[in-house]
There are 2 protein chains.
Amino acid sequence: MKPSVVTTEPNGHFCRDCAVRDFSVCSSLDPAELKEFEHLGRRVLFDGGETVFSEEDTTTSFYNLLDGVMRLYKLLPDGRRQIVGFALPRDFLGMNISGRHNFSADAIGGVTVCQFAKVPFGRFVESRPHLLRRINELAIRELSQARDHMVLLGRRSADEKVATFLLAWRERLVSLKGASDTVPLPMSRQDIADYLGLTIETVSRTFTKLERHGVIEIIHGGVSLLDPAKVEALAAA
Amino acid sequence: MKPSVVTTEPNGHFCRDCAVRDFSVCSSLDPAELKEFEHLGRRVLFDGGETVFSEEDTTTSFYNLLDGVMRLYKLLPDGRRQIVGFALPRDFLGMNISGRHNFSADAIGGVTVCQFAKVPFGRFVESRPHLLRRINELAIRELSQARDHMVLLGRRSADEKVATFLLAWRERLVSLKGASDTVPLPMSRQDIADYLGLTIETVSRTFTKLERHGVIEIIHGGVSLLDPAKVEALAAA
DNA sequence: CGCCAAAATTGATCTAGGTCAATCGGCTTT
DNA sequence: AAAGCCGATTGACCTAGATCAATTTTGGCG
């Protein structure tokens, strides 16, 4: 929870130099607005494994993920965990209506976020309907993804879950790192299991089975899709 | 898909007399705006089993549910179905960014909706940031519910799923019909199964088991919670 | 290097929930 | 009130994936 490094703007970091500038919430802002917006956010770094915010915490900030990967999850009282999503650069986190976060967020590996204090951010949005529209757009897109994931969790087999996950993850990485059959998997097997509603053993066995069948190759820090068409066939089922 | 009855405004129906007036999207509108808004929507009735819109249909309308219950679902190519939610009066349906609906919606029993053509509705919202804020609020609330449901689908047992469903459904009905231990279940067992990621047999067996243990009583068109505390204990697990 | 801890894999076994197959009601229709 | 239907229930059996239990592999780190 204690961030490793904090860089307060303006201190070498400006929106106009920001990698996510044209893709994240801030893409809806014009240069003049951006100048003002700049003062609202500050960059914060987290180490792998650190928790950025926890479910039920009072929401004091929103976060724009600039670099790295995060796991977003909910815990049951007895410790069972459901990962509700992985966040990638450009994702905007923390919106809620209860005033409390409705999931927890951990850094997977090092992470850089642009942190906005809730109140000034809210004030800034208030007078900028186009920014509100952008935020709404992101919420609706997430809602659609959430529904897709419900189908996966409720109605798909382990093989289908894993194949679908690999394809969807690869697809999300396209706009960040370009298309490739080599799919980096920065999250652990346990994370994948908790995302897919499976156990770590089933995930591991499914990976090995796909490898035995020559569909994928398990490489350091990820997998390589040797036969993407076959993976798609498995996911379609 | 062919609606049973269409009543075009103004023809005996006005927003100011509308049952959902103070609770739905339109709660953000002042009397003057409401007068204008009135001309955008028309009431449409659907019989039970009718489909209001289908996944992948081009979105031409948004819908405000005025009366009745709807099931919102997605189908896999092989026919497996996941119900992503049940809609109740006050719910606003149809928002998306792809221009296509991302789920299908059927009436369960007779239903009345207030239908808005997409383009004029969009124009109306454009100049009304408070309406946009209201829509955003609804989207964020739904997103939170969707995440809760992911936890249920991915990490809970059949008993927990059924108990959680009964409590959540009862809770949703409070603001519509008042608090009660008698929970009407207008949807079929198959609908419940497809919502919880179970089979119809498991839902049926779980109901019977709860009844045998004196926790619920299965009554015509629903269940009665004989021991609500026990249901909550099962759901908490 | 060699040692340790954590993550991943693999194997053996078990079980919650699925599948298949009869009934059982409760309505509607005549 | 008999027939027919459709949803719901119940029973017998089966299996995908969980659980339990070792290894094996990997990644720091002195």
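No hydrogens, no waters, no symmetry mates; every other heavy atom, side chains included, goes into these values. What you see is a predicted model, and the numbers here were worked out from it, not measured in a lab. Convention: sequence-line order gives letters A, B, ...; per-chain numbering from 1.
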Item to check | Which nucleotide in D:dG11, D:dA21, C:dA8 has an atom nearest any side-chain atom of A:Glu201 | outcome: D:dA21
Checklist entry - Separation of B:Arg81 atom CZ from C:dG18 atom C1', in whole Å? => result 17 Å
Item to check | Along DNA chain D (nearest heavy atom to each residue), the more 5'-positioned of A:Asp159 and A:His220 | outcome: A:Asp159
Item to check | Side chains of A:Ser61 and A:Gln115, donor plus acceptor under 3.5 Å | outcome: yes
Item to check | Euclidean distance, atom CG of residue B:Leu198 to atom P of D:dA16 [Å, nearest integer] | outcome: 18 Å
Next on the checklist: Please determine whether a side-chain nitrogen or oxygen atom of B:Ser188 lies at a distance below 4.0 Å from atom OP1 or OP2 of D:dG7.
Outcome noted: no
Checklist entry - When the distance from CD1 of B:Ile219 to C1' of D:dA8 is rounded to whole Å, what number comes out? => result 16 Å
Checklist entry - When all nucleic acid strands are considered with a 4.0 Å heavy-atom cut-off, which category describes A:Thr208: base, sugar-phosphate, or nothing? => result sugar-phosphate
Item to check | Side-chain H-bond candidate by donor/acceptor type, A:Tyr73 with A:Asp106, under 3.5 Å | outcome: yes
Checklist outcome for this item: Taken to the nearest whole Å, CD/A:Glu211 to C1'/C:dA8 is 13 Å
Next on the checklist: On DNA chain C, compare the nucleotides closest to B:Ser157 and A:Phe207; which residue's is nearer the 5' end?
Outcome noted: A:Phe207
Checklist entry - For the residue pair A:Phe86 and A:Trp169, does the interplanar ring angle fall in the parallel (under 30°), tilted (30 to 60°) or perpendicular (over 60°) class? => result perpendicular
Checklist entry - What is the distance from NZ of B:Lys209 to P of C:dA16, rounded to the nearest Å? => result 9 Å
Checklist entry - Distance from B:Glu160 atom CD to A:Leu76 atom CG, nearest 0.5 Å? => result 7.0 Å
Item to check | Nucleotide nearest A:Arg189 (side chain, heavy atoms from C-beta), chosen from D:dT9, C:dG17, C:dT9 | outcome: C:dT9
Checklist entry - Looking only at atom types and distance, does a side-chain atom of B:Arg170 sit under 3.5 Å from a main-chain N or O of B:Val183, one as donor and one as acceptor? => result no
Item to check | Mutual orientation of the aromatic rings belonging to B:Phe53 and B:Phe103 [parallel < 30°, tilted 30-60°, perpendicular > 60°] | outcome: tilted
Item to check | Donor-acceptor pair under 3.5 Å, A:Arg205 side chain vs D:dT19 base | outcome: yes
Next on the checklist: Please pick, from D:dT9, C:dG18, D:dT19, the nucleotide with the shortest atom-to-atom distance to any side-chain atom of B:Ile218.
Outcome noted: D:dT9
Checklist entry - NA contact type, A:Gly221, heavy-atom cut-off 4.0 Å: base, sugar-phosphate, or nothing? => result nothing
Next on the checklist: Distance check needed: D:dA18 P versus A:Arg80 CZ, whole Å only.
Outcome noted: 13 Å
Next on the checklist: Tell me the bend of the helix from C:dC1-D:dG30 to C:dT30-D:dA1 as the angle between end helix axes, each from five pairs, rounded to the nearest 10 degrees.
Outcome noted: 40°
Next on the checklist: Nearest to the B:Thr202 side chain among D:dT10, D:dT19, C:dG17, which nucleotide is it?
Outcome noted: C:dG17
Item to check | Spacing between A:Ile200 atom CD1 and D:dA21 atom P, to the nearest angstrom | outcome: 17 Å
Listing, residues 199-207 of chain B side-chain donor-acceptor contacts under 3.5 Å, not counting sequence neighbours, or none:
from	atom 1	to	atom 2	distance (Å)
B:Thr199	OG1	B:Thr202	N	3.3
B:Thr199	OG1	B:Thr202	OG1	3.1
B:Thr206	OG1	B:Thr202	O	2.6

Checklist entry - Can you tell me how far the NZ atom of A:Lys209 sits from the CD1 atom of A:Ile216, to the nearest 0.5 Å? => result 11.5 Å
Item to check | Interatomic distance, B:Asp191 CG vs D:dC6 C1' [rounded to whole Å] | outcome: 14 Å
